Protein chains: 2
Amino acid sequence: MLTEYLNRLNELSPLSIESKNLLLEHIFVKKINAGDYILKQGDVCKHIYFVNKGFVRIFYYKNGKNITEWFSKEKSFFFSIASYFNETESNLVIETLEDSEIIFLSKAGLEKFRKTNLEIANLLIELFSGSLIFSQQRMESIQFETAKDRYQNLLNEQPGILNKVPLHHLATFLGITQETLSRIRAKV
Amino acid sequence: MLTEYLNRLNELSPLSIESKNLLLEHIFVKKINAGDYILKQGDVCKHIYFVNKGFVRIFYYKNGKNITEWFSKEKSFFFSIASYFNETESNLVIETLEDSEIIFLSKAGLEKFRKTNLEIANLLIELFSGSLIFSQQRMESIQFETAKDRYQNLLNEQPGILNKVPLHHLATFLGITQETLSRIRAKV
DNA sequence: ATGCTTTTTTGATAAATGTCAATTGAGATT
DNA sequence: AATCTCAATTGACATTTATCAAAAAAGCAT
């Protein structure tokens, strides 16, 4: 399982056996039951997470309501950006929506080795630039697309999502109320 | 002037004389008159830009209207993220609002050296993570704050901006129409 | 299957914002 | 000073979306 994960990292940026071994000391796997948290509100995000198996929701609280920031499907990386970099309490909460297997890659390890290990430094570049592209895409989708378009796109990208996620989570993700989403669906 | 810029880079991530010299070959300065473009629509973004002097607006077109993505003040870095990484035509346009002095740092150089030079790789990590934090902050400000709040914050962060930028640019930046912004201002 | 709970839809109304048009204001020019 | 131009405000109205409440539908357990 970790081999597969290391291969994934290696695809992002080539890693020698030595570099892989360095990283291995800072990687661990955790099984997390559906509905449990990976990162609670107020925690500091000290890892880059990877959904090896399962399905994850990232959300934040606003006026008492919880608003979905995004969904992370299998084989993708995620972390709480502001909390990770600034080492501040996260205002993002990360929960699993299914029984999941999450791989933790520690910031401590990455920070330690990137100063001396070129491969690990370049791995970080790839991780961060991937995250940057993702963040930018999400911003553009909010700016350019209507809620209806974004709903359609979400269904295309993640066909099974309607079975996994209650409608009100989709609605907050799209930035509209559940009622409005329901009416959008009725019209299609 | 370039010395100052190199010091700036050095603050982000320490650079030896050798690394600085490597980078120097891939840095140039351009004076750009107010209203002229740094990056046109359809260009591919091949540099990370730095506003040494002046003031810059980044915008995109949507339904024929131009929408401000953000303003870059002096001593800050910026680039067209999707275009830079994917080497696709930029849908962001970058223009100066004042006579400006822009420092160009070429992607070609960065990509060449990050594979072999640890300092330059770490510089890139700092540049990208800074950009990631910025991108995230902007997203959160859109999600968490009302247009009114965002207007106030903008004035706090950039007190002189009302003298530099016509109201309709501020409005599109805030995601509202000029008329709505005018009404917000009237109520304060 | 029956009832119980949760999710989703529907309806009526209110609030916010957009649109279009007209007016006002401020600077620059003659 | 009068005029011209561009920027900003105001008004009237339309549209969109939120809100609150209730009904319908879908899942689940007994």
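Lettering of chains follows the sequences in order, A, B, ..., and the numbering in each one begins at 1. Only a predicted model underlies this, so the values are computations on that prediction, with no experimental measurement involved.
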Would you sort out whether A:Glu126 and B:Arg114 count as a salt bridge (Lys or Arg N to Asp or Glu O under 4.0 Å), showing the intermediate values? CA-CA 12 Å; A:Glu126 295 299 333; B:Arg114 77 170 169 106; 2.9 Å; yes
Here DNA chain D, pairs taken as Watson-Crick or G-U under 3.5 Å and shown with ( ), [ ] when crossing and | when to another strand, reads ||||||||||||||||||||||||||||||
Between A:Phe59 and A:Phe71, is the gap from one ring center to the other below 6.0 Å? no
Quickly work out the B:Asn163 CG to C:dG27 C1' distance and round it to whole Å. 14 Å
Lys/Arg-Asp/Glu bridge criterion (N-O < 4.0 Å) met for B:Glu87, B:Lys107: yes
Assert yes or no for the condition that the ring centre distance of B:Tyr49 to B:Phe79 is strictly below 6.0 Å. no
Atom-pair distance (CG on A:Leu167; P on D:dA25), nearest Å: 16 Å
B:Phe104-B:Phe28 aromatic ring centre distance below 6.0 Å: yes
What is the distance, to the nearest angstrom, from the CG atom on A:Leu162 to the P atom on C:dT9? 10 Å
Separation of C:dT8 C1' from A:Leu170 CG (nearest whole Å): 12 Å
Side chains of A:Asn117 and A:Ser19: is there a donor and an acceptor less than 3.5 Å apart? yes
Would you say the ring centers of B:Phe77 and B:Phe134 fall short of 6.0 Å from each other? no
Check B:Glu95 with B:Lys40, please: is the shortest side-chain N to carboxylate O separation under 4.0 Å? no
Quick one: A:Ile184 CD1 to C:dT10 P, roughly how many Å, whole number? 13 Å
Could you go through A:Phe78 and A:Tyr84, starting from their C-alpha distance and side-chain angles, then the distance that decides it, and tell me whether this counts as ring pair (Phe, Tyr, Trp, His ring centres under 6.0 Å)? CA-CA 11 Å; A:Phe78 63 95; A:Tyr84 181 91; over 10 Å; no
In whole angstrom, give the distance that lies between atom CG of B:Leu174 and atom P of C:dA16. 18 Å
What is the distance, to the nearest angstrom, from the OH atom on B:Tyr151 to the P atom on D:dA8? 10 Å
Rounded to whole Å, CZ of A:Arg185 lies from P of C:dT8 at a distance of 7 Å
Could you list, one pair per line, each protein nitrogen or oxygen that sits under 3.5 Å from a nitrogen or oxygen of nucleotides 18-21 of chain D, together with the distance?
unit_1: D:dA18; atom_1: OP2; unit_2: A:Thr177; atom_2: N; d: 3.3
unit_1: D:dA18; atom_1: OP2; unit_2: A:Thr177; atom_2: OG1; d: 3.1
unit_1: D:dA18; atom_1: OP2; unit_2: A:Thr180; atom_2: OG1; d: 2.5
unit_1: D:dT19; atom_1: O4; unit_2: A:Arg183; atom_2: NH2; d: 3.1
unit_1: D:dC20; atom_1: N4; unit_2: A:Glu179; atom_2: OE2; d: 3.1

